[in-house]
Amino acid sequence: MQILEYNPAMIEPKWQQYWEEAGVFHALEDHTLPKYYCLIEFPYPSGEGLHMGHPRPYTAMDIIARKRRMEGYNVLLPIGWDAFGLPAENNAIKNHVHPRVITEENIARFRGQTKRLGFSVDWNREVDTTDPAYYRWTQWIFLQLFKKGMAYKAEMPINWCTSCKCGLANEEVVDGVCERCGSEVVRKVKNQWMLRITAYAQKLLDGLDTVDFIERAKAQQRNWIGRSTGAEVDFAIADSGETLRVFTTRPDTLFGATYMVISPEHPLVERMRDRISNCDALVAYREAASRKSDFERTELAKDKTGVAIQGVTAINPVTGKPIPIWVSDYVLMSYGTGAIMAVPGHDTRDWAFARKFGLPVVEVVAGGDIETEAYTDIESGVMVNSGFLNGLSVEKAKRKITQWLKERGLGEETVKFKLRDWVFSRQRYWGEPIPLVHCERCGWVPLPENELPLLLPQVEKYETTQDGESPLAAMGEWVNTVCPHCGSPAKRETDTMPQWAGSSWYFLRYMDPRNDQALASPEALAYWGPVDWYNGGMEHTTLHLLYSRFWHRFLYDIGVVGYPEPYLKRTSHGFVLGENGEKMSKSRGNVINPDEVIRDIGADALRVYEMFMGAFDQAIPWSANGAAGCRRFLERVWRMQEMLADSDEIREEVRADVHACVKKVSEDIERMKFNTAIAAMMTLVNTFYASGRVTRGEMKVLVLLLSPVAPHIAEEIWQRLGGKESLACRPWPKWDEEAMRKDEIEIAIQIGGKVRGRMMAPTSLTAGEGGQVLMEAPEVRALLDGRPVRKVIYVPGRLLNIVV
RNA sequence: GCCGAAGUGGCGGAAUGGCAGACGCCGGGGACUUAAAAUCCCCUGCCCGAAAGGGUGUACGAGUUCGAGUCUCGUCUUCGGCACCA
């Protein structure tokens, strides 16, 4: 047969078309088959088109999916579009084109680009979060959350651009200023929908112990949830019936609490207004604090400020001494009780504050020097100046004081989380409308489920209104409606949902994407779920990944899904950087366009390089030379057709190498060690070249191993080898440990741990007998040169170490 | 400050406590060619040496071990996340 040159521009579209027309990658609804659900993070279809951030993780999961298929699984590898979001909306504002129009164009472009990469995706299951048939169920889930009391309205600050007069998402605030106009961003309090994710803090934390996520993702989520155990303690306010409750993780240091601090917003100030003599100063301080942007609070406010409350004093419950109460913005209203007991001897922030304002510092844990800094070590300290706690370790003192407080009704052990409730409202157009109406008589009323989806109305302007309302608020006809409950006049909620809503459950929709009775049928949910393997970016660990675990856990609690955790396994990829080692960006001018790379070297070579360039979980700079090298590797595989021997055998001389390669590739793919899997295939190809030929049987094994990574060339060669159907459904090759065994192997001879020579040794030698046998070998005797031997260690197949 | 990951040739990177640098890139040499490209073969950590060979080497300093890139302790650096969270 005439072997033409390797031409990916011909064979890649050909096989893509074949796969699609033959439906090779359609997940089957035969629920008796063993299933495997591979999930990739669905892209936001931006106007820029696919970028290098997409092919790497997608290729990785495609490799897993293709291997699973060859192992006999009914594989689900779906894709869709997370298409609500700001760029389409900003484009609408600028060009007065409905976001739907640009979104559809972008999706079409993304779809085409994605298909050119040859992923084994089931294109029949595409979802689009902006499709009413999809967001109907996003709204439905929101209504269930609302009905279970998990959604509520609260006054929350939003980012407000003082120049654009509009609300901004956190992502739009860069270094404290508006991303678009560079003006100052302040916090403006608005009434917003909130989701009670904090009610699930413990469940989300515990669930992590039951799933196989990469450790750093678990650690990051644990950190974000931020559980800490401590005690709440009541401090009496002198000469009143009032108490001030604090949360502390160090109840053991109670004897060292020399003052208290409340946050500027703490209700105590209002409650005791008539007794406080410097109310004006406190109110002024509170207002100054509220005007501070988040940026100022976190970046510029390390220097402590505060005002002492005049006229009100607290009593330390263990010492009985009166202590002053201060107001300072280093205490946050949103954590704990909004008030602290300050122990300047043993807390760095309290220490700095006490130093600045001349407050007393008392040592209650010995071991440090509180004149120079706060002593915060809880491991080795011993209690002093602490009455009945003296002499105890910190750990014992904690338990004893907590018990003491509990017996007197002054406090109790408590758990707090850093996790905050999820701000779910956006004053934006391009998002899911929140399906609630507000009735004067009934309050917030959910739309009946049979009225879903609540469609996004056509608007004249896409901008947030002057007073920070969603553009929907300007649509009087749409806003004014009647209460579904009592029929009185009512107004629709005009805020929309955040982009995180649609992505919080999309993996469920893939299981049954056209169902119009439920978000997915119970049968499909039971069969396909949970997701077996989910790969995605680390940047989504604390938002998308946590949000979707929360929604899923909620759906489990209300009986919609039958398993508490949505993802059994989570892995993460490293970014592809520009050739200069910096993050790819237009402004840096180092963007590599996947379309151009496919044009230059082909999709297969791109896929091979993306997987070969380095460890999958690490960021790696792009290298055009490296990519060209992968194209060369495929050329070498292709040209092996010219040295093909007409035999289905695997030759004795290469048998061990072939089996070793099968083993290496099989195991490395499971560990996502794609780079070494590809290196093993390169090594095998080098072996074939060295032997001058390859049999058809050997070639078939190689092509099957290569097919998950470079599927087009693999299909083409497979067909030329006489394969009748797609190799995507051929069984994955097996290896035989016996076949990998050789009679003799080269080992190193070490003297005192240093390599001094090599020799051939029979592989049958065991560690025990090997030393004795090999000591007689002439190579060893020559190296020893008669020196006395103290000890001999033989590591079978590796080395002989002689201690002299 | 806290949590996490990582420091290996000119470069990307390999190495269940067992021959450091697999595989690829870059570079050098050879074959083929009128020539070039492509391709095929060989060399390629550093230092000394004509060579044989020797020395040295995985951020730094100690330690455990017959043997350490790998394990332990300490130090430094880089990257990622969180951060007045009591």
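- Taking atom C1' on both B/G12 and B/G27, the two are 16 Å apart, rounded to the nearest angstrom.
- Distances shorter than 4.0 Å separate none of the side-chain N or O atoms of A/Arg636 from OP1 or OP2 on B/C23.
- Within the 4.0 angstrom heavy-atom criterion, only backbone atoms of the sugar-phosphate kind lie near A/Ile620; the bases stay farther away.
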**Watson-Crick and G-U pairing of RNA chain B written in dot-bracket, each distance under 3.5 angstrom, with | for inter-strand partners** = (((((((..(((.....[....))).(((((.......))))).((((....))))..(((((..]....))))))))))))....

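- A cation-pi contact, defined as under 6.0 Å to the ring centre and within 45° of the axis, is absent between A/Lys304 and A/Phe353.
- The residue A/Glu635 sits apart from the nucleic acid: no heavy atom pair falls under 4.0 Å.
- Of the residues listed (A/Leu684, A/Thr687, A/Thr683), the one engaging A/Cys661 in a side chain to side chain contact (heavy atoms under 4.5 Å, CB included) is A/Leu684, and it is the only one.
- Between the P atom of B/G81 and the CZ atom of A/Arg216 lies a distance of 11 Å, rounded to the nearest Å.
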Report, one line per pair, each donor and acceptor closer than 3.5 Å where one atom sits in a side chain of residues 794-804 of chain A; sequence neighbours left out.
unit_1   : atom_1 : unit_2   : atom_2 : d
A/Tyr794 : OH     : A/Gly797 : N      : 3.4
A/Asn801 : OD1    : A/Gly753 : N      : 3.0

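- To the nearest angstrom, P of B/G1 lies 16 Å from CG of A/Asn223.
- Taking atom P on both B/C25 and B/C73, the two are 41 Å apart, rounded to the nearest angstrom.
- Rounded to an integer number of Å, the gap from NZ of A/Lys218 to P of B/G80 is 25 Å.
- Nucleotides B/A86 and B/C79 are separated by 30 Å at their C1' atoms, to the nearest Å.
- Looking at heavy-atom distances under 4.0 Å, A/Thr249 makes contact with sugar-phosphate atoms alone, never a base.
- Heavy-atom nearest nucleotides on RNA chain B were determined for A/Ile747 and for A/Thr683, and the one closer to the 5' end corresponds to A/Ile747.
- Between A/Pro344 and A/Leu359, every side-chain heavy-atom pair lies at or beyond the 4.5 Å cut-off.
- Contact of the A/Asp350 side chain with the A/Tyr259 side chain is registered, since non-hydrogen atoms from C-beta on lie closer than 4.5 Å.
- Look at CG on A/Asp657: it is 15 Å from C1' on B/C23, rounded to the nearest Å.
- The distance from atom CG of A/Leu419 to atom C1' of B/A83 is 15 Å, rounded to the nearest whole Å.
- Put simply, A/Arg222 has no side-chain N or O that comes within less than 4.0 Å of OP1 or OP2 on B/C2.
- In this structure, A/Thr676 and A/Gly626 both approach RNA chain B, and ranking their closest nucleotides by distance from the 5' end singles out A/Thr676.
- Of the options A/Leu244, A/Leu332, A/Val261, a side chain to side chain contact (heavy atoms under 4.5 Å, CB included) to A/Ile340 is made by A/Val261 and by none of the others.
- Close to B/C40, at under 4.0 Å from its OP1 or OP2, lies a side-chain N or O of A/Arg639.
- When heavy atoms are screened at a 4.0 angstrom cut-off, A/Tyr689 is found touching the sugar-phosphate backbone but no base atom.
- Considering only the side chain of A/Gln618, B/A6 comes nearest among B/A86, B/A6, B/C23.
- A donor-acceptor contact under 3.5 angstrom links the side chains of A/Thr676 and A/Asp668, judged on distance only.
- Taking atom C1' in both B/C32 and B/A37, the straight-line distance is 12 Å, to the nearest Å.
- Considering only side-chain N and O atoms, A/Arg798 lies nowhere under 4.0 angstrom from the phosphate OP1 or OP2 of B/U16.
- Residue A/Asn686 has no polar side-chain atom (N or O) positioned under 4.0 Å from OP1 or OP2 of B/A22.
- Closest to the side chain of A/Pro621, from the set B/G81, B/G12, B/C23, is B/G12.
- The side chain of A/Met682 lies closest to B/G24 when the candidates are B/G18, B/A20, B/G24.
- When ring centroids are compared, A/Phe612 and A/Phe633 stay outside the 6.0 Å threshold.
- A sub-4.0 Å separation between OP1 or OP2 of B/U56 and a side-chain N or O of A/Lys754 is present.
- By the rule that a glycosidic angle within 90° of 0 means syn, B/G9 counts as syn.
- When the P atom is used for both B/A38 and B/G49, the distance is 36 Å, rounded to whole Å.
- Side-chain atoms of A/Tyr285 and A/Thr305 include a donor-acceptor pair closer than 3.5 Å.
- Counting any heavy atom pair closer than 4.0 Å across all strands shown, A/Asp350 reaches no nucleic acid atom.
- The gap from the C1' atom of B/A15 to that of B/G69 amounts to 9 Å, rounded to the nearest Å.
- A/Arg631 comes within contact range of no nucleotide atom at all, as no heavy-atom separation falls under 4.0 Å.
- Residue A/Asn625 places no side-chain N or O under 4.0 Å from the OP1 or OP2 atom of B/C11.
- Checking each of A/Ile401, A/Val343, A/Ile378 against A/Arg250 for a side chain to side chain contact (heavy atoms under 4.5 Å, CB included) leaves exactly one that passes, namely A/Ile378.
- Below the 3.5 angstrom threshold, one finds a donor paired with an acceptor across the side chain of A/Asn801 and the base of B/C66.
- Residue-level contact check: A/Ala615 touches the backbone only, with heavy atoms under 4.0 Å from sugar-phosphate atoms and none from bases.
- Put simply, CE on A/Met538 is 13 Å from P on B/A6, counting in whole angstrom units.
- Distances shown here put a side-chain N or O of A/Lys673 below 4.0 Å from the OP1 or OP2 atom of B/A15.
- Rounded to whole Å, the separation between the C1' atoms of B/U44 and B/G9 comes to 10 Å.
- When heavy atoms are screened at a 4.0 angstrom cut-off, A/Val803 is found touching the sugar-phosphate backbone but no base atom.
- A/Glu746 comes within contact range of at least one nucleobase, with a heavy-atom separation under 4.0 Å.
- Nucleotides B/C23 and B/C41 have their P atoms positioned 13 Å apart, rounded to a whole Å.
- If you measure from atom CG of A/Leu545 to atom P of B/G81, you get 16 Å, rounded to the nearest angstrom.
- If you check every strand for non-hydrogen atoms under 4.0 Å, A/Gly226 touches nothing.
- With distances taken from any side-chain atom of A/Asp347 to the nucleotides B/C3, B/G18, B/A86, the minimum falls on B/A86.
- Inspection of the A/Arg741 and A/Thr763 side chains reveals no N or O donor paired with an N or O acceptor under 3.5 Å.
- When rounded to the nearest whole Å, the span between CZ of A/Phe575 and C1' of B/G81 equals 13 Å.
- In terms of phosphate contacts, A/Arg632 brings a side-chain nitrogen or oxygen within less than 4.0 Å of OP1 or OP2 of B/C26.
- A/Ile669 has its side chain within reach of A/Phe674: a pair of non-hydrogen atoms, C-beta onward, lies under 4.5 Å apart.
- Within the 4.0 Å cut-off from OP1 or OP2 of B/G81, not a single side-chain nitrogen or oxygen of A/Thr541 is found.
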